[in-house]
Amino acid sequence: MTHDGPAEVVLTPERHTIDVIPDAERHGSPRSQFTLWFGANMQITAIVDGALAVLFGADALWAIMGLLIGNLAGGAVMALHSAQGPKLGLPQMISSRAQFGVRGAVLPLLLAILMYLGFAATGTVLSGQAIAKILHIDSPQLGMVIFGLLTALIAVTGYKLIHIVGRVATVVGIIGFTYLAIRLFSEYDVAAHVGVKGFETATFLFAVALGASWQLTFGPYVADYSRYLPRSTSDRATFWSTFAGTVIGSQWSMTFGALIAAVAGKTFMKNQVGFIGDLAGPAGIAILIYLVIVIGKLTLNAYGGFMSMLTTVTAFDATSRISTTARTLYILAFTTASTLIALAASADSSITSRISCWRCSWYSRRGVPSI
């Protein structure tokens with residue numbers, strides 16, 4: 001048995017896609033939003049995001065403060081979208097038809113799909129490296145394929161399994177990140193690298209932008225994970241559960257990333273997964289930390305990407321329900337595309353480096369100091 005029912009029910013593929021969830025099938029509580037978003041943010045990409053603020057020139061102290069402001073501001077907007085899930089019973093992007101029209105919404109949907117693919121490819125590169133370490137294989141590419149298959153399995157099964165993985169990610173994330181923080185402070189003189197530079201407006205605002213943009217990119221899919229909550233669920237409870245989970249989880253990870261960048265600099269960016277594994281210390285514990293990296297990346301992108309693809313296609317054929325086979329094919333198409341992008345990136349170390357900090361060039365063109 002699980003919190004959501006018998007295991008065979010949890011592992012049964014979800015029946016609903018972009019259609020309205022009937023009241024009789026609503027379940028859960030706002031607490032599930034906390035664990036989902038906390039677990040989803042306790043991950044290595046958020047660590048890299050926090051590290052970028054320091055690598056672009058900010059002092060770690062000011063970077064952490066800027067990241068916090070950005071996470072609070074962006075998280076508030078993101079959590080407001082979550083609150084609409086129980087009321088509408090719909091995934092996030094289909095509601096964009098109210099603003100843009102059924103076919104007019106195709107353009108923002110295509111942009112959302114590209115965003116999903118970018119995040120999924122980034123996660124596949126990093127998680128593939130971690131899986132290769134766990135299995136003691138020399139091929140990160142094989143690890144990427146394995147990770148793609150795992151994400152496809154979770155996305156096909158759907159909502160209930162995603163929330164269960166979110167709860168697991170919360171527990172292992174807290175344990176893993178607490179251990180890593182202890183190791184960081186025991187291996188490095190962190191205090192000597194914090195508060196050594198003065199305040200700089202440009203780099204501080206860059207840190208704010210990193211935190212805010214991180215949260216805002218969840219906007220296209222946040223209601224996907226609250227739409228099964230009972231219609232009577234309090235808007236306030238849904239908002240605060242989502243807000244607390246996403247802000248605390250992301251700020252924890254980004255703070256850790258900022259501190260790593262302060263003490264290790266570009267060494268961390270050259271091999272993020274390897275650096276974290278080395279920081280973990282003993283081989284057995286390092287394997288557990290690699291597992292933390294993988295679990296934190298498993299849940300969101302393939303599921304939301306599939307529903308955005310379906311919403312785009314149904315703008316032209318006016319359907320909202322598809323068979324389990326069709327659902328599986330959509331998800332396999334998405335995960336195949338993201339895995340191929342990741343494999344192409346891994347073939348060139350310079351591309352792999354860029355895909356882990358894909359925002360860099362955007363900010364550089366706007367006058368923020370380069371790494």
Side-chain angles (χ1 to χ4, degrees), residues 40-56 58 60 63-64 67 118-135 137-141 143-144 147 169 172-173 176-177 179-181 183-184 187-188 190 193 207 210-211 214 249-281 283 285-298 301 338 341-361 363 370-371:
N41 282 287
M42 296 289 281
Q43 47 131 313
I44 191 167
T45 315
I47 296 175
V48 173
D49 216 55
L52 287 176
V54 174
L55 291 172
F56 272 100
I64 291 168
L67 290 165
F119 276 118
T122 303
T124 301
V125 169
L126 297 174
S127 298
Q129 295 171 9
I131 288 174
K133 297 286 187 180
I134 293 172
L135 299 179
I137 56 178
D138 295 328
S139 173
Q141 290 78 15
M144 294 173 201
F147 180 78
V172 299
F177 275 63
Y179 171 77
L180 286 173
R183 288 285 299 174
L184 182 68
E187 292 293 316
Y188 296 92
V190 177
H193 295 84
L210 281 173
W214 176 268
S250 59
Q251 186 62 32
W252 188 337
S253 299
M254 291 181 188
T255 297
F256 183 60
L259 295 177
I260 286 179
V263 300
K266 297 179 183 178
T267 303
F268 169 65
M269 295 302 292
K270 291 178 181 177
N271 184 9
Q272 301 98 323
V273 173
F275 184 93
I276 295 295
D278 292 341
L279 181 63
I285 297 177
I287 293 299
L288 294 177
I289 296 303
Y290 291 135
L291 186 61
V292 170
I293 292 173
V294 174
I295 293 175
K297 298 294 297 180
L298 274 175
N301 293 305
S338 62
I341 294 170
L343 290 171
S346 68
D348 185 330
S349 59
S350 65
I351 298 177
T352 304
S353 176
R354 290 191 189 105
I355 200 171
S356 298
C357 57
W358 56 273
R359 294 190 182 98
C360 299
S361 61
Y363 289 106
S370 180
I371 294 177

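Residues: numbered from 1 along the sequence shown. Just so it is clear, the structure is predicted and the values come from calculations on it, not from any experiment.
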Smallest separation among heavy atoms of Gly143 and Ile137, with atom names: N-CD1, 4.3 Å
Hits for side-chain hydrogen bond (donor to acceptor under 3.5 Å, both in side chains) against Lys133, two or more places apart or cross-chain, chain-then-number order -> none
How would you list, by chain and number, every residue that makes a ring-ring contact (aromatic ring centres under 6.0 Å, His included) with Phe275, sequence neighbours excluded? Phe268
Gln129 side chain to Leu126 backbone, donor-acceptor under 3.5 Å: no
Which residues pass the side-chain hydrogen bond (donor to acceptor under 3.5 Å, both in side chains) test with Ser250, not counting sequence neighbours? Asn71, Gln215
On a heavy-atom basis, the closest approach of Ala262 and His193 is O-CD2, 3.3 Å
Note: Ser253 and Phe177 closest approach over all heavy atoms is OG-CE2, 3.5 Å
Please name all residues satisfying side chain to side chain contact (heavy atoms under 4.5 Å, CB included) with Ala286, sequence neighbours left out, ordered by chain then number. Ala280, Tyr290
Drop me the distance from Ile47's CD1 to Asn41's CG, to the nearest 0.5 angstrom. 11.5 Å
Kindly list each side-chain donor-acceptor pair under 3.5 angstrom involving residues 254-261, sequence neighbours excluded, with atom names and distances?
{"residue": "Thr255", "atom": "OG1", "partner": "Gln251", "partner atom": "O", "Å": "2.7"}
{"residue": "Thr255", "atom": "OG1", "partner": "Gln251", "partner atom": "NE2", "Å": "3.1"}

When rounded to the nearest 0.5 angstrom, what is the spacing between NZ in Lys297 and OG1 in Thr124? 8.5 Å
What are the two closest heavy atoms between Pro140 and Ala132, and how far apart are they? CA-CB, 3.9 Å
Once side chain to side chain contact (heavy atoms under 4.5 Å, CB included) is applied, do any residues pair with Val172, and if so which ones, sequence neighbours excluded? Val168, Val292, Ile295
Between Gln272 and the options Val48, Thr45, Val125, Ile293, the side-chain contact (heavy atoms from CB on, under 4.5 Å) test singles out Val48
Write down the atom of Ile289, the atom of Ile276, and the distance for their closest heavy-atom approach. CG2-CG2, 3.5 Å
Could you tell me which non-hydrogen atom of Gly265 sits nearest to which non-hydrogen atom of Leu55, and how far apart they are? C-CD2, 3.6 Å
Any chance you could measure Gln43, atom CD, to Asp49, atom CG, to the nearest 0.5 Å? 9.5 Å
Between CD1 on residue Ile285 and CG on residue Leu279, distance to nearest 0.5 Å: 11.0 Å
